[in-house]
Amino acid sequence: MTTTTTLAGHRSRWLFCICFLAVGVVAAALVWGSQALLFADTNDFQRVVGHLYLTPLGDGIHWTLPERAFRTPGNPELASHMFTFAGWVQRFMPGNLFDLSRTALAAKLLLLAYAGVLAWQCAVALQRGALGWAGLALAWLAAFFMAHNIGMAQSFYAEYACLIALPLLLLGMLASRRAVRLAGLGLGALVCGLAKVQYFYVPLLALLCVWAAGRWQRSPADRGLLKLLLAVQVLCLVPLLIGKNASLNAYHGVYLGSYMVLSPAQLDGLGVPAERRDCIGVDAWGNALSGPGGTQVQHTDRDCYPVTPKLGKGDVLRPYLHYPLTLWRLARFALPSHFTVQYFHVFPGNFYLHRHEVGAQPVTDLLQQLTLLRDRSITPLAPLFLLAALALFAASRCRQAARMRPLAAGGLLLALLVVSQVIIVLLGEGVRDMSKHLWAAQLALDMLVVLTAVQGLGWLWLLWRRKSAPAAQAVAATV
């Protein structure tokens, strides 16, 4: 008996080593192949790293470091401080360059670690072994390394911080050990909430999901965790209060948002002067957006933003309070054109994702094909995945699904993040650059697809066991 158990243990260890090696080979290929993918600058890099005085060398990856010291970041976004630290580190490396591939590599290594841990958590929930872990690890790697997600790693956009923090937030939601749960949720919520003003509420969203899961799944709430998330939320309100672009965002949220779907009578009801209605659909740089979702763009000489009275959050919310269906109408107007992973900057065809001819080109081709497949298959079904997440959370009250309760809570968090980001983006800047502003929502949706599939497999396994149990008992009774 002891010999048999020992041999089985050796086989299990060898199988895990083989699976780990196979996943490692795939991971190395993904890191190599994704070197060619990057998000191009659309004059937004200056806002995040302008204080570093970097000089572009023309390839979008290499930037000359200045001789003088860096300034203090001028905006509160956490990514500015992260890139400042990376800049100081790269001063001590050869070449006097800020090499974006180095910060991209740091993010990719974190994503590899996240994929391994998330796969382990899912495998435990499904009671699967080494082969199950390997399959789940590959699924998480596919979600993280699709071209539209991993391209953000090689950029100076503020979403870089969200890329490395959102998987950590989910990892914390799925963790069973309290220390890992506190660290994952606390740090993940902090980095997400400070990454960009539009994510300021993420700690509160995590807090509500933890509380709701405890109440619905009849498990005791961790008051220490709730207090931690509340403290993090208070901290994440600071960038919202001191942000420098509030007036500009409010202008776009109104003139490229709610006003675009209101009738003349409704505009009259809001008291919008006739002379300002010519500015509806015109952004701060004179681009006139019209047509489906504002995707027909023509540059004009109209100078609307400087002559429009300064707007605030109350002006943004006012149309929605007067006409409650405005948000629904704006979503129907904007989402068919902008809810896509083919991110474009204002002008359709001006894509963010670029590719260089470096790295493992067949792997790069695969990552881009996965993005195209995702847009054709997953994107149209997004509402179904959101409803599935809610249904699975509702079903997690069942005692037989105790192992999958953390997965259901994680799915609830991701689903609510997708929905809330759509609302925040529509309120914040309307349809201008909307597809890229929904980047975090698309990453959350990709993660939700994996989590929903895992839960689906878990429920199928539970149903199969329930059906096979009477047959097994009958066989045992006849022996």
Side-chain angles (χ1 to χ4, degrees), residues 78 82 107 109-126 133 136-137 139-141 143-144 149 159-195 199-217 219-236 389 392-393 396 402-418 420-421 440-441 443-448 450-452 454-455:
L78 182 61
M82 297 172 67
L109 292 177
L110 281 174
L111 291 174
L112 296 182
Y114 293 150
V117 176
L118 288 169
W120 182 268
Q121 292 171 325
C122 293
V124 169
L126 296 180
W133 172 84
L136 291 165
W140 284 111
L141 287 173
F144 294 149
N149 288 331
E159 286 86 350
Y160 175 91
C162 191
L163 173 65
I164 63 177
L166 188 56
L168 178 61
L169 187 68
L170 178 62
L171 188 152
M173 284 293 292
L174 304 191
S176 56
R177 293 178 58 184
R178 186 171 187 268
V180 178
R181 193 168 171 81
L182 285 170
L185 278 170
L187 185 58
L190 178 66
V191 177
C192 278
L194 293 177
Y199 310 135
F200 77 94
Y201 66 96
V202 168
L204 179 61
L205 190 65
L207 185 155
L208 292 175
C209 289
V210 169
W211 176 82
R215 297 283 293 180
W216 180 251
Q217 297 170 349
S219 58
D222 187 336
R223 293 188 178 182
L225 175 59
L226 296 179
K227 291 177 181 177
L228 173 63
L229 289 172
L230 182 60
V232 171
Q233 179 59 77
V234 172
L235 183 60
C236 292
L392 289 167
F393 179 75
S396 68
R403 286 181 174 272
M404 291 190 293
R405 284 175 177 172
L407 306 186
L412 177 67
L413 173 63
L414 294 174
L416 292 181
L417 181 61
V418 173
S420 61
Q421 273 297 289
L443 174 61
L445 178 59
D446 290 330
M447 295 165 63
L448 179 61
V450 178
L451 210 54
T452 302
V454 171
Q455 292 178 83

Test side chain to side chain contact (heavy atoms under 4.5 Å, CB included) on Val124 and Arg403; report intermediate values, then the result. CA-CA 8 Å; Val124 169; Arg403 286 181 174 272; 4.3 Å; yes
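The shortest distance between side-chain heavy atoms of Leu451 and Leu174 falls below 4.5 Å. In this structure, Trp216 and Leu412 have side chains that are not in contact, with every pair of non-hydrogen atoms separated by 4.5 Å or more. Annotation: side chain of Leu166 is not in contact with side chain of Tyr199 (no heavy-atom distance under 4.5 Å). Within the 4.5 Å cutoff, side-chain heavy atoms of Cys122 are placed close to those of Trp140.
Annotation: side-chain hydrogen bond (donor to acceptor under 3.5 Å, both in side chains) contacts of Gln455 (sequence neighbours excluded): none.
Of all heavy-atom pairs spanning Tyr114 and Pro167, the tightest one is CD1-CB, 3.4 Å. Across all non-hydrogen atoms, the minimal contact from Ala389 to Ala415 is CB-CB, 3.8 Å. Nearest heavy atoms, Phe144 versus Met447: CE2-CG, 3.9 Å. The two residues Leu448 and Gly411 come nearest to each other via the heavy atoms CD1-O, 3.6 Å. Pairing each heavy atom of Ser219 with each of Ala213, the nearest pair is OG-O, 4.1 Å.
In this structure, Gln217 contributes its side chain and Ser396 its backbone to no donor-acceptor pair below 3.5 Å. Using modelled atom types, no side-chain atom of Trp120 and backbone atom of Ala137 make a donor-acceptor pair closer than 3.5 Å.
Remark: of the listed residues Asn149, Leu141, Leu163, Ile164, Leu163 is the sole one forming a side chain to side chain contact (heavy atoms under 4.5 Å, CB included) with Leu111.
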For residues 201-208, which side-chain donor-acceptor pairs fall under 3.5 Å, sequence neighbours excluded?
residue, atom, partner, partner atom, Å
Tyr201, OH, Ser420, OG, 2.6
Tyr201, OH, Gln421, NE2, 2.9

Can you give me every donor-acceptor pair (side chain of residues 179-191, partner residue at least two apart or in another chain, under 3.5 Å) with its distance?
residue, atom, partner, partner atom, Å
Arg181, NH1, Gly172, O, 3.4
Arg181, NH1, Met173, O, 2.9

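One distance of note links CZ of Arg405 with CZ of Phe393; it measures 10.0 Å at 0.5 Å rounding. Put simply, CG on Leu229 and SG on Cys236 are 10.0 Å apart, with the number rounded to the nearest 0.5 Å. We find the CG-CD distance between Leu407 and Gln121 to be 8.5 Å, quoted to the nearest 0.5 Å. In this structure, Leu416 CG and Cys209 SG are separated by 5.0 Å, a value rounded to the nearest 0.5 Å.
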